[in-house]
Amino acid sequence: MKKIKVLTDSSVLLTPKEIEQYSITIVPLSVEVNGKNYIDGKNISRDELIEMLKVGSIPKTSQPSLGRFVEAFDELGKDGSQVVAILLSDVLSGTVSAAQQAADMTKTDVTVINSKSTDRGEAFQVLAAAEDAALGKSIEYIKLHCAEIYERTTVHVLIDNLDCLVAGGRVSKMMGAVTKLVNIKVVAELKDKSLDVVSKGRNTKSWFKYCQKLKEQLKDKKLQALALPNVAADNSIMEKIKDIFLHDNPTADFIQELTSPIIMTHTGLKAIGLITLTEKPVIETEK
């Protein structure tokens, strides 16, 4: 049986230990700030992009080039291995499409999976695939496992202002102007085919109220993991959110880290990702 190697993109939230343990390959996306192009994780760090955001720079993102994917696929497959590429949602990026085109250009046997997620939500699938591969599971098994994990994952982002989302064309300028005018705090949910605003309020209390609502929705699903990726958000706010979800469930896995520059460009300063994994499905998808 051929060895299976796992590849993902730099929007994912993985720890250095996880990357090393499973030999996961990460293909970087690009960030453009003030006309200069940076390679995520290569010549721009998470802290550096935060400093750029603080002075009002609005970055743009772009998916990896076909050449970068082809090069990675060729390298991973030169020993005859198969490759599973698990990538961020096509709602946020054209990365999946680029990888699919590159897969047709390489001699390596590549399977591209649209995670329909990002950040730690994407990582849940990447880690499961890596564990499956280590156990000798098939490509088809891994595909089904990733789809099953997607159904147990929720991805929300608590947005302090909509400047970056407006600049990226993901919400209307009118919505952005209104939100800025009245200082509305927004919650957006990443769904199968869209990024939707699901809550609006005048202060951070509205975030806590939505978190309580989501906790109730997940009550019977049994929370396994919580992630709070963020863009230099207020620690007291994140502690409150953590307490809402984990006060009665202290054994759930938890991670709180700066999100990737790619996600920062969409969400802006002080944003907080709210990503959950449950034992039972929370998302209904067509079979």
Criterion salt bridge (Lys or Arg N to Asp or Glu O under 4.0 Å) on Asp196 and Lys191, from CA distance to verdict: CA-CA 7 Å; Asp196 298 338; Lys191 298 182 180 180; 3.6 Å; yes
Check against side chain to side chain contact (heavy atoms under 4.5 Å, CB included), Thr259 and Met264: CA-CA 7 Å; Thr259 191; Met264 290 182 189; 3.6 Å; yes
Derivation of the side chain to side chain contact (heavy atoms under 4.5 Å, CB included) call for Asp109 and Val83: CA-CA 6 Å; Asp109 183 356; Val83 173; over 6 Å; no
Verdict with reasoning, Asp47 to Ser45, per side-chain hydrogen bond (donor to acceptor under 3.5 Å, both in side chains): CA-CA 5 Å; Asp47 288 320; Ser45 69; 5.2 Å; no
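Atom OG of residue Ser81 and atom NZ of residue Lys5 lie 4.0 Å apart, to the nearest 0.5 angstrom. Atom CG of residue Leu228 and atom CZ of residue Arg120 lie 12.0 Å apart, to the nearest 0.5 angstrom. Here the CG atom belonging to Leu218 is positioned 6.5 Å from the CZ atom belonging to Phe245, to the nearest 0.5 angstrom. Atom CD of residue Gln21 and atom OG1 of residue Thr15 lie 8.5 Å apart, to the nearest 0.5 angstrom. Taking CG from Asp243 and CE from Met238, the interatomic distance works out to 14.5 Å, rounded to the nearest 0.5 Å. Remark: Ile244 CD1 to Glu239 CD distance equals 11.5 Å, nearest 0.5 Å.
Annotation: side chain of Val110 is not in contact with side chain of Phe69 (no heavy-atom distance under 4.5 Å). Between Leu87 and Ile113, the closest side-chain pair of non-hydrogen atoms is not below 4.5 Å. Within the 4.5 Å cutoff, the side chain of Ser89 has no heavy atoms near those of the Ser117 side chain. Within the 4.5 Å cutoff, side-chain heavy atoms of Asn235 are placed close to those of Gln256. Side-chain contact between Gln217 and Leu214 is present, with at least one heavy-atom pair separated by less than 4.5 Å. Looking at Lys137 and Ile4, their side chains never come closer than 4.5 Å, going by heavy atoms from C-beta outward. By the 4.5 Å heavy-atom criterion applied to side chains, Val155 and Lys116 are not counted as neighbours. Put simply, the side chain of Thr118 reaches to within 4.5 Å of the side chain of Leu92, judged on heavy atoms.
Hydrophobic clustering keeps Ile86 apart from Tyr141 (ILVMFWY residues linked when any side-chain heavy atoms are closer than 4.5 Å, directly or through intermediates). Leu144 and Val112 fall into different hydrophobic clusters, where Ile, Leu, Val, Met, Phe, Trp and Tyr are joined by side-chain heavy atoms under 4.5 Å apart, directly or via other members. Val187 is connected to Ile241 through a chain of hydrophobic side-chain contacts under 4.5 Å among Ile, Leu, Val, Met, Phe, Trp and Tyr, so both are in one cluster. Tracing side-chain contacts under 4.5 Å through hydrophobic residues (I, L, V, M, F, W, Y), one never reaches Ile263 starting from Ile50; they form parts of separate clusters. Transitive grouping of hydrophobic side chains (ILVMFWY, heavy atoms separated by less than 4.5 Å) brings Leu190 and Ile149 into a common cluster.
Residues Phe73 and Ala99 share a closest heavy-atom pair of CE1-O, 3.7 Å.
Between Lys185 and Asp160 there is a salt bridge, with a side-chain nitrogen of the basic residue lying less than 4.0 Å from a carboxylate oxygen of the acidic one. Ion pairing between Glu51 and Lys54 holds under the 4.0 Å rule for side-chain N and carboxylate O. Classification of Glu216 and Lys213 as a salt-bridged pair fails, no side-chain N sitting under 4.0 Å from a carboxylate O. We find that Lys215 and Asp248 are joined by a salt bridge, their nearest charged nitrogen and carboxylate oxygen being less than 4.0 Å apart.
Under the rule for a salt bridge (charged side-chain N to carboxylate O under 4.0 Å, His left out), the partners of Glu140 that lie at least two apart in sequence or sit in another chain are Lys143. By the side chain to side chain contact (heavy atoms under 4.5 Å, CB included) test, Glu257 pairs with Leu13, Ile255, sequence neighbours left out. Listed by chain and residue number, nothing satisfies the side chain to side chain donor-acceptor pair (under 3.5 Å) test with Ser115 (two or more places apart in sequence, or in another chain). In this structure, the side chain to side chain contact (heavy atoms under 4.5 Å, CB included) partners of Gln101, at least two apart in sequence or on a different chain, are Leu66, Ser97.
Side chain to side chain, Thr108 and Gln82 fail the donor-acceptor criterion of an N or O pair below 3.5 Å.
Formation of a donor-acceptor pair under 3.5 Å by the Thr265 side chain with backbone atoms of Ile262 is found in this model. Remark: side-chain polar atoms of Asp9 are paired, donor with acceptor, to backbone N or O of Leu88 under 3.5 angstrom. The closest donor-acceptor contact from the side chain of Arg46 to the backbone of Leu258 lies under 3.5 Å. No donor-acceptor pair closer than 3.5 Å links the side chain of Asp119 to the backbone N or O of Gly121.
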Atom pairs and distances, donor-acceptor, side-chain atoms in residues 22-42, under 3.5 Å, two or more places apart:
from, atom 1, to, atom 2, distance (Å)
Tyr22, OH, Glu131, OE2, 3.1
Asn34, ND2, Ser57, OG, 3.2
Asp40, OD2, Ser10, OG, 2.7

Sequence neighbours excluded and cut-off under 3.5 Å, please list the side-chain donor-acceptor pairs for residues 270-281, or say none.
from, atom 1, to, atom 2, distance (Å)
Thr276, OG1, Thr154, OG1, 2.5
Thr278, OG1, Arg152, O, 3.3
Thr278, OG1, Lys280, O, 2.7

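A 6.0 Å sphere centred on CD of Gln100 holds more than 12 heavy atoms belonging to other residues, nucleotides or ligands.
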